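Just so it is clear, the structure is predicted and the values come from calculations on it, not from any experiment. Protein chains get the first letters and strands the later ones, always in sequence-line order, with residue 1 at the start of each.
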Amino acid sequence: MDNALYVGLSRQMTLRRELDVIANNVANVDTVGFKVESLMVGTDTETLPAAGPAPDKVHFALDGGVARDFGQGGLKQTGATFDVALEGRGFFSVSTANGTRYTRDGRFSLDGQGRLVTSSGDPVLDSSGGEITLDPSKGAPKISEDGTISQGTLTAGKIGVADFASLSALSKDGDGLYSNVSNLQPTPAPDTRIRQGMIEGSNVDPISQITKLVEVSRAYENISKMMDQTASLSSQTIDRLGRLN
Amino acid sequence: MRALSTAATGMAAQQLNVEVISNNIANMNTVGFKRQRAEFEDLLYQDMERAGSQTSGSGTVAPTGIQIGAGVKAGSVYRITEQGSLTQTGNKLDLAINGRGFFQVLTPTGETAYTRAGNLSVNQDGQLVTADGFQIQPQISIPQDATDVTISPTGQVQVSQTGSTTPTVVGQIQLATFTNEAGLEAQGNNLFMESAASGAAVVGDPASTGFGSLMQGYTEASNVDPVTEITALITAQRAYEMNSKVVTAADQMLAATSQLKG
């Protein structure tokens, strides 16, 4: 009898979590290099002890995981020398206090020592895993499509691009950074082009997020109604069966 | 409900974005102004279910976990130091820097500040000063009987005086460059101060290696592009609205819960 309430509750819990995921997508609609996420909801089937002739099956709603869409975000021109965007697969490698991290956010700049750093000040790594240092007085830096930074005839370094065979190897750390939580080793991504003076916008599609938002809040209300009706059904049952005549 | 606070971080971020954009638009005609950009980063993620956690006794693992993000934050407000366009003014003491470098200015507190605004003038003692009356370093004095002032691209200041056919050199303007110009600390009044992020100032003559050259009779306009700013403003406003929609949806869901008869 109470199963209807529990099934409703299981769906409401996943809907709340879905709203949290949508809220995070919408909050990051303007975050450079952000990748949209969605909650994967499936059914969790329980077989109940047989009360009638055949065993009853109850399907609860259960969230199985968060799917991340690594599709390309739109490229926006900024004109800043050290803004770079990745076109294609792969990530920039960044050396942080917690180890190597990966990011699609290419808003780089030079720090006081002339190292190429992210907006949080962590050094960007080159294709062999070393830091990139350049002296801006030696000429305007030009970053080519393969990541080579040149100043006139001088080559200052090459920005590395790391790719993973399976992107589910990556876990989000916040600050636009991903960490590798698997045994997979990063591989170079020779087909990926680096665009200077551009940044990759968030790939959140506002229309689909707002549509999902409406769906989630309506579904939640419907289930609340269903739970109300179930509750009134049981109170009516008690009321009627309790009458003596 | 987490969605409420997540949407609130989104609204706060867009509010900051609008503040930065409005400052850019307000300074569209400020000499030597460099536009700024609010940079956002996603906040930390909470692991509800870790990717790679075991899903059965026979060693199967979850291919994806459940990570719920907590919203967005402002990482930094970055200054884009690209060259502004050069505007001809005809004023002898207007100087524009074409390329890298800053004029050095002595502030009333005795510190050295840096500026790209080269709309200079002469004070009552004949010294070359900024629009606020702060002296240019190294100090240059224009004699009272000077009839004409010529400033070369390399920064040499020459004056013609009555009774003399050859111009006299009265000083040399020097520029300062920084490894990370975006790391300078803005002081207002078009002035910047050296900071730990900018690196130490490197002083040299204009038009030498790594330094821009001077152009007399020009000023450097701000590098704000009105079209870019207005489109950014529209994006920011719409993003703000969408975040407020999430707040409404979360509120409706909470209302549905609290109205359950039970």
If you round to the nearest 0.5 Å, how far is [atom2] of [Y] from [atom1] of [X]?
X: A:Leu19; Y: B:Gln252; atom1: CG; atom2: CD; result: 10.5 Å
X: A:Arg107; Y: B:Ile80; atom1: CZ; atom2: CD1; result: 10.5 Å
X: A:Ser109; Y: B:Tyr78; atom1: OG; atom2: OH; result: 5.0 Å
X: B:Thr179; Y: A:Asp111; atom1: OG1; atom2: CG; result: 8.5 Å
X: A:Thr31; Y: B:Glu41; atom1: OG1; atom2: CD; result: 8.5 Å

Who in [range] is close to chain B, using a strict under-4.5 Å heavy-atom cut-off?
range: residues 207-223 of chain A; value: A:Ile210, A:Leu213, A:Val216, A:Ser217, A:Arg218, A:Tyr220, A:Glu221
range: residues 164-177 of chain A; value: A:Ser168, A:Ser171, A:Lys172, A:Asp173, A:Gly174, A:Asp175, A:Gly176
range: residues 61-76 of chain A; value: A:Asp63, A:Gly64, A:Gly65, A:Val66, A:Arg68

B:Asn180 side chain vs A:Gly112 backbone, donor-acceptor pair below 3.5 Å: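 Side chain of B:Asn180 to backbone of A:Gly112: no pair is present.
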Which bit of [X] comes within less than 4.5 Å of chain A, counting heavy atoms only: side chain, backbone, both or neither?
X: B:Ala200; result: neither
X: B:Arg2; result: both
X: B:Asn17; result: side chain
X: B:Arg37; result: side chain

For chain B, which of A:Ser137, A:Gly139, A:Pro136 has the most heavy-atom pairs under 4.5 Å?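 That would be A:Pro136.
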Among the options A:Asp83, A:Leu134, A:Ile22, A:Asp105, pick out the one with the most heavy-atom pairs lying under 4.5 Å from chain B.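 Max contact count across the listed options: A:Asp83.
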With chain A as the partner, which of [options] has the greatest number of non-hydrogen pairs under 4.5 Å?
options: B:Ser198, B:Ala239, B:Ala7, B:Ala197; answer: B:Ala197
options: B:Asp42, B:Thr248, B:Asn243; answer: B:Asp42
options: B:Met48, B:Glu181, B:Gln67; answer: B:Gln67
options: B:Gly10, B:Gly69, B:Ala38; answer: B:Gly69
options: B:Thr228, B:Val72, B:Asn223; answer: B:Val72
options: B:Ala256, B:Ser76, B:Ala250; answer: B:Ala256

Got more than 12 heavy atoms from elsewhere within 6.0 Å of CG, A:Asp239?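 Atom CG in A:Asp239 is crowded, with more than 12 foreign heavy atoms closer than 6.0 Å.
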Residue A:Met13 excluded, over 12 heavy atoms near CE under 6.0 Å: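 Check fails, neighbour count at 12 or below.
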Part of A:Val181 lying under 4.5 Å from any heavy atom of chain B: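 No part of it gets close to chain B.
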Please classify the contact of A:Thr78 with chain B as side chain, backbone, both or neither, using a heavy-atom distance under 4.5 Å.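 The answer is both parts of A:Thr78.
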On a heavy-atom basis, which atom in [X] and which in [Y] lie closest, and how many Å separate them?
X: A:Asn24; Y: B:Tyr45; answer: ND2-OH, 3.3 Å
X: A:Asp30; Y: B:Gln14; answer: CB-NE2, 3.5 Å
X: B:Thr257; Y: A:Arg16; answer: OG1-NH2, 3.8 Å
X: A:Ser119; Y: B:Glu39; answer: CB-OE1, 3.0 Å
X: A:Ala27; Y: B:Gly71; answer: CB-CA, 4.1 Å

Test A:Asp20 against every option in B:Ile68, B:Thr6, B:Val246 by the side-chain contact (heavy atoms from CB on, under 4.5 Å) rule and name the one that passes.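 Going through the options one by one, the only one that passes is B:Ile68.
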Quick one: salt bridge (Lys or Arg N to Asp or Glu O under 4.0 Å) partners of A:Asp135, sequence neighbours excluded?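 Not a single residue meets the salt bridge (Lys or Arg N to Asp or Glu O under 4.0 Å) criterion with A:Asp135.
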Please examine the side chains of A:Arg17 and B:Ile66, heavy atoms only from C-beta on, and report whether any two atoms are closer than 4.5 Å.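 Yes - at least one pair of side-chain heavy atoms lies under 4.5 Å apart.
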